[in-house]
There are 2 protein chains.
Amino acid sequence: MTATDGPCCAPIAREPLAEAEAAELAVLLKAVADPVRLRLLSMIGSHAGGEACVCDLTEAFDLTAPTISHHLKVLRTAGLIDSERRGTWVYYWVVPAAVARLGALFTPLAEPVAV
Amino acid sequence: MTATDGPCCAPIAREPLAEAEAAELAVLLKAVADPVRLRLLSMIGSHAGGEACVCDLTEAFDLTAPTISHHLKVLRTAGLIDSERRGTWVYYWVVPAAVARLGALFTPLAEPVAV
DNA sequence: GGTCTACTTAGACATCTTTCGAAGTAGGAG
DNA sequence: CTCCTACTTCGAAAGATGTCTAAGTAGACC
């Protein structure tokens, strides 16, 4: 640690990633490494009010409701989104800290990042 | 562009990702969404001189040489690393722009997450 | 040339993923 | 209570992925 080779590199390139940490991060990355889930995350995050109803999301794809539900579950299990049922509809929203963690991995920063 | 919601959100959360763009980004993300490839990328990026020989990388894993070679090919096909043969050994290095692109996807632009 | 080392490619196999249709659960309306 | 809508869970089929062994290529050295 404290391998301060300078602020030249993304955190991932400062020092070799430990095996356990790599496994944990891979789970997070696998969650977003799918076109449908990327679009879902983007749609939820950019939706007015910061929340989106599953019904809105399903309509945007040529996929069945169970498939969308599955992808939402993957994102939720990874901690990238959260949801709540209010009456008839279920609403999803983005967990900013989890998304930021992904960004921090690859972004060259001037300051040290405590991941 | 012209999504002047301010610097509050990661680019992915500014406006819905187009289908084609999501597919393209998913390819890049799939490349890093694996524990072995994450560690490879990290090892190459943090290696002295910015380059790493395949032989060094192979030794760090309990995997056979063909498997490591396969993972390196995936990273190379995605444009995240590049390689060159010099004499007996093959050297790999990171392509910073490709890594930065990943970071830019999820990082809130102006300010760190004020949580 | 022949051989050794350092990878890469090819083929095979087990496992994980994506997707669907069908059935289940939960809440609102009549 | 009965029905309708809005999801979620279950089970299965098709495809993608990670890993291996075996074989191929490329350079160094004798």
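Chain A is the first sequence line, chain B the second, and so forth, proteins listed ahead of strands; every chain is numbered from 1.
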How long is the line joining CD1 of A:Ile68 and C1' of D:dT8, in whole Å?
-> 13 Å
Quick one: does A:Trp89's side chain get under 4.5 Å of A:Cys55's, heavy atoms only?
-> yes
Of all the nucleotides listed (D:dT8, D:dA6, C:dC7), which has the minimum atom distance to the side chain of A:Thr88?
-> D:dA6
Would you say B:Ser46 and A:Arg14 make side-chain contact, with heavy atoms under 4.5 Å?
-> no
C:dC20 OP1/OP2 closer than 4.0 Å to side-chain N/O of A:Thr64 = yes
Given the options B:Asp56, B:Leu72, B:Asp82, B:Leu41, B:Tyr92 meets side-chain contact (heavy atoms from CB on, under 4.5 Å) only with B:Leu72
How about B:Leu80 and B:Leu28: do any of their side-chain heavy atoms sit closer than 4.5 Å?
-> yes
Specify the separation, in whole Å, of atom CZ of B:Arg76 and atom C1' of C:dC7.
-> 13 Å
Listed nucleotide nearest any side-chain atom of B:Asp34, set D:dG18, C:dT8, D:dA6 | D:dG18
Let me know the distance between CZ of B:Arg85 and C1' of D:dA26, rounded to the nearest Å.
-> 5 Å
Rounded off to whole Å, could you give me the CG-to-P distance for the A:Asp56 and D:dC7 pair?
-> 8 Å
Compare side-chain N and O positions of B:Arg37 against OP1 and OP2 of D:dG18 and report whether any pair is under 4.0 Å apart.
-> yes
May I have the distance from B:His70 (atom NE2) to C:dT8 (atom P), rounded to whole angstrom?
-> 13 Å
B:Tyr91 OH - D:dG27 P separation (whole Å) = 15 Å
If you find the nucleotide of DNA chain D closest to B:Gly87 and the one closest to A:Trp89, which residue's nucleotide is nearer the 5' end?
-> A:Trp89
Taking NZ, NE, NH1 and NH2 as the nitrogens, is one of them in A:Glu24 or A:Arg101 under 4.0 Å from a carboxylate oxygen of the other?
-> yes
Nearest-nucleotide 5' precedence on DNA chain C, B:Thr67 against A:His71 | B:Thr67
Length of the CZ-C1' vector between A:Arg86 and C:dG28, whole Å | 17 Å
State which of D:dT9, D:dG18, C:dT19 makes the closest approach to the side chain of A:Leu63.
-> C:dT19
Length of the CG-P vector between A:Leu38 and C:dT18, whole Å = 12 Å
Pick the nucleotide of DNA chain C nearest each of A:Lys30 and B:Tyr92; which residue has the one closer to the 5' end?
-> B:Tyr92
